[in-house]
Amino acid sequence: MPRWRFVKQDNDNTAAVASIKDVADCAARADAQVRSVLQGVMAQRRSAAVAFDYVAGLSPETKANCWSIAESAGHEGWGRMQALLGSYRWDWRALRTQLPGLAAAWIPDAEGDLIGPGIAIDETAQLKHGDATACVAPQHAGCTGQVENCVSAP
C-alpha cells in the first residue's frame, strides 16, 4: 500500500489561516505605499504611475529591456519605459531614504528582537570535505554559524 495513504489531512488545526482576500488586501496596501513613495520623488504624477508600472512589470520571467517590461506592465509600447529610464526627473536620494521605511512596514519586528526587522543571509563560505582545494581550513562558516572545514569568500 502506498505510504501517502497513511497521512491524515488536518485542515482544522493549521498554524495560520489566510484567504485570497487577505493576500489581495496586503498586496493593495503594499502597492499604495510604493505609489505614495514614488509620487513623493517623481516630478509628475504620471511619471510616478509609469515608475510604478515599471516596478510592477519586473518579474523573473521578464527580460530586462524596456519592451519586455512595458509589455509585462500592460503598456502598448516601450516609449514610456524608455523615457522613465532616460529622461524623467526624479530624486533618487529621496527614494533611497524612504526604502528602509518600506522594509520596516512590510517585515514585522517582534517585541524584544535585538536584531530588528530584516533578513540576513550570509553566504560567505563554501563547505568542503578534505584539503585538496586551495584555502580550505577550519574557519567560521556563515552558512552554518560554526567553525567548519570550508573556503571563505570576502
Side-chain angles (χ1 to χ4, degrees), residues 2 4 7 9-128 133-136 139-145 148 150-154:
W4 59 268
V7 176
Q9 189 171 8
D10 185 4
N11 291 331
D12 298 327
N13 296 319
T14 58
V17 177
S19 69
I20 296 298
K21 184 179 181 319
D22 294 336
V23 173
D25 289 345
C26 183
R29 284 192 308 273
D31 287 353
Q33 288 174 328
V34 170
R35 284 182 194 274
S36 175
V37 167
L38 290 172
Q39 287 172 356
V41 299
M42 302 298 288
Q44 297 179 2
R45 184 177 293 282
R46 65 181 176 183
S47 301
V50 173
F52 180 80
D53 289 347
Y54 181 89
V55 172
L58 295 173
S59 72
E61 296 83 30
T62 304
K63 291 183 180 180
N65 62 55
C66 286
W67 184 259
S68 296
I69 294 171
E71 190 176 76
S72 177
H75 290 227
E76 290 184 20
W78 54 266
R80 289 184 182 167
M81 294 298 169
Q82 185 67 41
L84 171 70
L85 298 176
S87 63
Y88 281 17
R89 297 185 60 182
W90 58 287
D91 186 355
W92 66 269
R93 287 178 184 92
L95 176 61
R96 190 173 184 184
T97 60
Q98 293 187 32
L99 292 178
L102 283 177
W106 296 340
I107 301 172
D109 185 13
E111 185 77 28
D113 182 3
L114 300 178
I115 298 172
I119 299 171
I121 299 172
D122 186 355
E123 294 292 338
T124 59
Q126 295 178 347
L127 301 181
K128 299 289 182 179
T133 305
C135 301
V136 170
Q139 51 197 324
H140 182 269
C143 54
T144 64
E148 304 271 355
C150 64
V151 176
S152 290

I'd like to check Leu99 versus Leu95 (side-chain heavy atoms, cut-off strictly below 4.5 Å). Are they in contact? yes

Quick one: are Gln44 and Val50 in side-chain contact, heavy atoms under 4.5 Å? no

What are the two closest non-hydrogen atoms of Met42 and Trp90, and how far apart are they? SD-CB, 3.2 Å

Any chance you could measure Leu85, atom CG, to Ile69, atom CD1, to the nearest 0.5 Å? 7.0 Å

Minimum-distance pair of heavy atoms, taken over all atoms of Gln82 and Cys66: OE1-SG, 3.4 Å

Report yes if some heavy atom in the side chain of Trp78 is under 4.5 Å from a heavy atom in the side chain of Asn65; otherwise report no. no

Begin from the C-alpha positions of Met81 and Asp53 and carry the test side-chain contact (heavy atoms from CB on, under 4.5 Å) through to its verdict. CA-CA 9 Å; Met81 294 298 169; Asp53 289 347; 3.9 Å; yes

For Ala94 and Val41, work out which heavy atoms get closest and say how close. CB-CG1, 3.6 Å

So, for Ser72 and Gly57, which heavy atoms are closest and what is the spacing to 0.1 Å? OG-O, 2.9 Å

Please report the shortest heavy-atom distance between Arg35 and Phe52, naming the atom on each side. NH2-CE2, 3.1 Å

